[in-house]
Protein chains: 2
Amino acid sequence: MTTMSAGERRERDRERYNANLAGCPGHELLAALSDKWVTLVLSALADGPLRYGDLSRIVAGASQKMLTQTLRKLERDGLLTRTVTPAVPVRVDYALTGLGESLLPVQRAIKTWAETHIEQVHGARAAYDARPAP
Amino acid sequence: MTTMSAGERRERDRERYNANLAGCPGHELLAALSDKWVTLVLSALADGPLRYGDLSRIVAGASQKMLTQTLRKLERDGLLTRTVTPAVPVRVDYALTGLGESLLPVQRAIKTWAETHIEQVHGARAAYDARPAP
DNA sequence: CGGTATCCGTCACGATACTG
DNA sequence: CAGTATCGTGACGGATACCG
């Protein structure tokens, strides 16, 4: 069968396209960074290692589940290390790796742009929202 | 009433925290950029204005709904302009604003980091996944 | 051509309870 | 202290159909 419905074709195209996206480094990174808590955890650890409890206090908005999930993901990606000290009670420290630290300048670049231009964005939004209704 | 259940307190804390987050320029930007299609649209327009149809072909993975939604958001934020030329059929052009263009270097920074370090990340993942099961 | 309107599945997230 | 297990829900994205 060489024939194929338009729907099938579109679906196949989308799959291909998404496969490309998944393989694109830029997108992978962006997907990782955009995670609500990743940035917060990373910058919390920028000043030095922290224990789980400390992190959960600093990143106060995160649920236990989300915090753990985020930490595991970052550990898997080699951005931080997880060190368990067997004692009673247990002690777990998290610290940035070199790779993780190398990400901090990128974060700063983003932050800098944001602080420099956010006013303009807010202004544009206000203007847009104030337009006469269609 | 000065008393409050632990649950209520946590909930209130989370709300406050999220309110802070919403006001944080860095997070606002990150939330905007992380949108699956924003980066693609922006870089598609980096070389010059495009019509809606062109965009939908270049950003092939996006559904019509998502593409329109993304374009509207970017227009609202002042990152691009939408120009309607009343004719038959209608013609709509999208172009980056100065503000939108100023975002391109940031995108490049992200892309550069990704291309430089993604191998390490993949290596770390492989190592993590290959560890002996607990 | 360039959209809007509507329905619908899924899945990420949070709350809660329990464990080594 | 530092998690794991389980369940409920709501926002988001996709498919489809229709409009100026």
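Just so we're on the same page: letters track the sequence lines, and every chain starts at 1.
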**Item:** side-chain contact (heavy atoms from CB on, under 4.5 Å) partner of B:L71, the single match among B:V38, B:L79, B:V92, B:V41
**Value:** B:V41
**Prompt:** At what distance, to the nearest 0.5 angstrom, does CZ of B:R108 lie from CD of B:E115?
**Reply:** 11.5 Å
**Message:** Check for me, please, whether A:L80 and B:Y128 land in the same ILVMFWY cluster - side-chain distances under 4.5 Å, paths through other members count.
**Reply:** no
**Item:** Contact residues, residues 28-44 of chain A to DNA chain C [heavy atom, < 4.0 Å]
**Value:** A:K36, A:W37
**Request:** Drop me the distance from B:L42's CG to B:Q107's CD, to the nearest 0.5 angstrom.
**Result:** 5.0 Å
**Fill in**
Sorted by number, residues from residues 66-82 of chain B placing a heavy atom under 4.0 Å from DNA chain C are B:T68, B:R72, B:R82
**Item:** Distance-minimising heavy-atom pair for A:L50 and A:A44
**Value:** CD1-O, 3.6 Å
**Request:** Could you tell me whether the side chain of B:I110 reaches within less than 4.5 Å of the side chain of B:T39, counting heavy atoms only?
**Result:** no
**Request:** Calculate the interatomic distance between B:Y52 atom OH and C:dG3 atom P; express it in whole Å.
**Result:** 6 Å
**Request:** Round to the nearest Å and state the distance from A:Y94 atom OH to D:dC1 atom P.
**Result:** 14 Å
**Asked** Considering all heavy atoms of both residues, which atom of A:K36 and which atom of B:H27 are nearest to each other, and what is their separation?
**Response** O-NE2, 3.5 Å
**Prompt:** To the nearest Å, how far apart are B:Q64 CD and D:dA17 P?
**Reply:** 13 Å
**Asked** Does B:S102 offer a backbone N or O that forms a donor-acceptor pair with the side chain of A:W113 under 3.5 Å?
**Response** yes
**Asked** Does OP1 or OP2 of C:dG2 have a side-chain N or O of B:R51 closer than 4.0 Å?
**Response** yes
**Prompt:** What is the distance from CG of B:L50 to P of C:dC1, rounded to the nearest Å?
**Reply:** 15 Å
**Asked** Could you state the NZ-C1' distance from A:K65 to C:dT16, rounded to the nearest angstrom?
**Response** 11 Å
